[in-house]
Amino acid sequence: MDAMTSLGFTPAVGDTDLTAQQRSLLSLAHELGQKRFAPRAAEWDEQASFPFANYEDLREAGLLAMCVPSAYGGGGADYATYMMVAAEIGRFCGATALTWNMHICSTMWTGVLADGIPMTDAQRQEHGKRRELHFRRVVRDGAIYAQPFSEGSAAAAGRAPFGTTARKVEGGWLVNGRKIFASLSGAADYYGVLCTEDQEGVKPDPRDTLYLAVPATSEGFAISGDWNPLGMRGTVSRNLTFQDVFVPDEAQLMPRGVYFKGAQTWPAMFFTLAPTYLGLANAAYDFTVQYLRGEVPGEPPVRRRMYPTKQVAVAQMRIQLENLKSVFLRAIREARPNPSKDERMRLYAAQYTVMEGANDLARLAIRTCGGQSMMKHLPIERIYRDSRCGSLMLPWTAELVLDRMGRETLYEPGEKDE
């Protein structure tokens, strides 16, 4: 049974083989997106406000706990399933999909991905005990976890230690530092902060990265700055500051040193921003077809499909969209710990292709639909602005991906020029 027949629609990832769980979750995401997220999307964009109503829907539907392992009461969805569902949500509201990614990764990294990271028996036991606390908050309380990375340095890309630090004290840690572009600021219950362990007399090192859940109510924690960007306005990604913020030992989302191992073991953990943009690429194509057929709700039923230039443009868009879907699907199905060099190269290629391709499709959509498409009461100009943000997002910006691909193609591990 193909995807279109079983679902009644073609998912953002295409008409591919799907498990029963994937069909169920994609149907749920499509219904929520079409009936609730899409009609609200202009509001979040116009006001640069967080999509709280969408998160109530996600919570009620069980999607906040989708990637919590079933043993802990969650949905037990795997990596590929999450990536498919995220693309479907991105098709209807980019800001919701992108912020949902930050929350889901907090559960997926500590769940199915952590199960593939090398740990000692003691670390594995410690992690199992602590993640039970965090999973319970999500499943039982509907808690939202953010995942602030950026500091305006090379730390998010793994090339330098984080400037935000955590010093060990009795019973926990003292966190100091600053994060920028922190999505879900003011909306999250916990902020999964990546920081460097501050050890007296020891030079900061990326291997000493800690991953700590800082409660939003913590003394010494503050949110500041305006949020008035080009696109992805509903993410509300303001600045976070930490001044001697105490968090207890159980706040660790991963044991000491395990995050760095995870980044080396599971490069696909950084590909999780891409499905939002695959969804936006689908949205640009969907709108163009609707518009040329005269089927945009609320607009005059004027058809523009009879012009050869429009037909050629739609064909070009479809070809490009199929390319995006194909490379994306292969990458998520190959995702695993310790991928081969070819698998890693395809992962980089998929990231670059989706992030750059989404905006190119939106550009073609505006050119094809014409001047009317620039009006803010239509979604395509928002889709264009949102899609432009993808290639700028750390840790894998378009520039960094090109740098990685070229370097890792021409140099084997340990090789240097004389």
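Predicted model only: the values in this text are computed from it and were never measured.
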Could you go through the side chain to side chain donor-acceptor pair (under 3.5 Å) check for N323 and S326 one step at a time? CA-CA 5 Å; N323 287 335; S326 295; 5.7 Å; no

Pairing donors with acceptors under 3.5 angstrom, does anything connect the side chains of Y277 and N359? no

From NE2 (H127) to NZ (K129), nearest 0.5 Å: 14.0 Å

When rounded to the nearest 0.5 angstrom, what is the spacing between CG in L174 and CD in Q243? 11.0 Å

Going through the checks in order, is the side chain to side chain contact (heavy atoms under 4.5 Å, CB included) test met by L184 and V236? CA-CA 6 Å; L184 299 100; V236 191; over 6 Å; no

With a 4.0 Å cut-off, would you call E43 and R233 a salt bridge? no

Neighbour count >12 (heavy atoms, 6.0 Å) for atom NZ, K35: no

Worked verdict on D208 versus K203 for salt bridge (charged side-chain N to carboxylate O under 4.0 Å, His left out): CA-CA 10 Å; D208 296 323; K203 184 179 178 181; over 6 Å; no

Quick check for you: to the nearest 0.5 Å, what is the distance between E399 atom CD and D403 atom CG? 9.5 Å

Taking atom CG of L392 and atom CG of L400, what is their separation to the nearest 0.5 Å? 11.0 Å

Residues V314 and T288: closest non-hydrogen pair is CG2-CG2, 4.1 Å

So, applying side chain to side chain contact (heavy atoms under 4.5 Å, CB included) with P11, which one of R23, Q22, E88 is it? E88

Find out whether L25 and Y82 are in side-chain contact, i.e. whether some heavy atom of one side chain is under 4.5 Å from a heavy atom of the other. no

Indicate the atoms forming the closest heavy-atom contact of V13 with L329, along with that distance. O-CD1, 3.3 Å

Look up atom CD1 in I180 and atom CZ in R238, then write down how far apart they are to the nearest 0.5 Å. 14.5 Å

Would you say L98 and L273 make side-chain contact, with heavy atoms under 4.5 Å? yes

Nearest non-hydrogen partners of C105 and T272, listed with the distance: SG-OG1, 3.2 Å

Determine whether I89 and H30 satisfy the following criterion, side chain to side chain contact (heavy atoms under 4.5 Å, CB included), listing intermediate values before the conclusion. CA-CA 7 Å; I89 292 177; H30 187 82; over 6 Å; no

How about F271 and F328: are their ring centres within less than 6.0 Å of each other? yes

Shortest non-hydrogen contact between C67 and A77, atoms and distance: SG-O, 3.8 Å

Does a donor on one side chain and an acceptor on the other come within less than 3.5 Å for S224 and R178? no

Should the ring pair Y259 and W109 be called parallel, tilted or perpendicular, given that the plane angle runs from 0 to 90° and is split at 30 and 60? tilted

Within-4.5 Å side-chain heavy-atom neighbours: T107 and M66: no

E197 and R256: salt bridge (charged side-chain N to carboxylate O under 4.0 Å, His left out), yes or no, with the steps? CA-CA 9 Å; E197 183 172 356; R256 279 169 154 162; 2.9 Å; yes

Would you check if N176 and T164 make a side-chain contact, meaning some heavy-atom pair closer than 4.5 Å? no

Which atoms form the tightest heavy-atom contact between A350 and A331, and what is the distance? CB-CB, 3.8 Å

Mind checking side-chain hydrogen bond (donor to acceptor under 3.5 Å, both in side chains) for Y190 and listing every partner two or more places apart, or none if nothing turns up? R137

Verify whether one side chain among S391 and Y352 offers a donor that lies under 3.5 Å from an acceptor in the other. no

Candidate pair E343 and R336, rule side chain to side chain contact (heavy atoms under 4.5 Å, CB included), full reasoning: CA-CA 9 Å; E343 289 168 340; R336 61 182 179 88; 2.8 Å; yes

Quick one: are L324 and L361 in side-chain contact, heavy atoms under 4.5 Å? yes

Does any non-hydrogen side-chain atom of S106 lie less than 4.5 Å from one of Y211? yes

Check R131 with D115, please: is the shortest side-chain N to carboxylate O separation under 4.0 Å? yes

Please evaluate residues D57 and R40 with respect to the criterion salt bridge (charged side-chain N to carboxylate O under 4.0 Å, His left out), reporting the C-alpha separation (whole Å), side-chain torsions for both, the decisive distance (0.1 Å), and the verdict. CA-CA 12 Å; D57 292 332; R40 299 168 181 158; 2.7 Å; yes

Is there a side-chain contact between I104 and L64 in this structure, where contact means two heavy atoms from C-beta onward sitting under 4.5 Å apart? no

Under the criterion side chain to side chain contact (heavy atoms under 4.5 Å, CB included), which of W100, F92, W44 is the partner of N54? W44

Is it the case that more than 12 heavy atoms not belonging to E46 sit under 6.0 Å from its CD atom? no

Can you check whether Y72 and F135 have ring centres sitting under 6.0 Å from each other? yes

As a quick check of understanding, evaluate side chain to side chain contact (heavy atoms under 4.5 Å, CB included) for L28 and L63, giving each step before the final call. CA-CA 9 Å; L28 176 59; L63 292 176; 4.0 Å; yes

For Y291 and F287, take the angle between the two ring planes, folded into 0 to 90°, and tell me which bin it lands in: parallel under 30, tilted 30 to 60, perpendicular over 60. parallel

Could you walk me through whether R167 and D244 satisfy the salt bridge (charged side-chain N to carboxylate O under 4.0 Å, His left out) test, starting with their C-alpha distance in whole Å, then the side-chain angles of each, then the deciding distance to 0.1 Å, before giving a yes or no? CA-CA 9 Å; R167 180 166 52 86; D244 285 337; 5.0 Å; no

Using the rule given for ring pair (Phe, Tyr, Trp, His ring centres under 6.0 Å), can you reason through F149 versus F181, listing the C-alpha separation, both sets of side-chain angles and the distance that settles it, and then say yes or no? CA-CA 8 Å; F149 263 62; F181 292 116; over 10 Å; no

Between R124 and D121, does any side-chain N to carboxylate O distance fall below 4.0 Å? no

Can you check side chain to side chain donor-acceptor pair (under 3.5 Å) on Y411 and D417, steps first, answer last? CA-CA 9 Å; Y411 292 82; D417 293 320; 2.4 Å; yes

Using a 4.5 Å cut-off on heavy atoms from C-beta on, say whether the side chain of I223 contacts that of N239. no

With rounding to the nearest 0.5 angstrom, report the CZ to CD distance, R407 to E415. 13.0 Å

Side chains of T165 and D198: any donor to acceptor distance under 3.5 Å? no

Main chain of I144, side chain of H103: is a donor-acceptor contact present, judged purely on distance under 3.5 Å? no

Nearest heavy-atom contact between T96 and Y55 is O-OH, 3.9 Å

Yes or no on side chain to side chain donor-acceptor pair (under 3.5 Å) for Y384 and S373, after CA distance, side-chain angles and deciding distance? CA-CA 10 Å; Y384 177 83; S373 64; over 6 Å; no

Should Y191 and Q147 be marked as a side chain to side chain donor-acceptor pair (under 3.5 Å) after you check the CA-CA gap, both sets of side-chain angles, and the distance that decides it? CA-CA 6 Å; Y191 294 84; Q147 198 178 48; over 6 Å; no

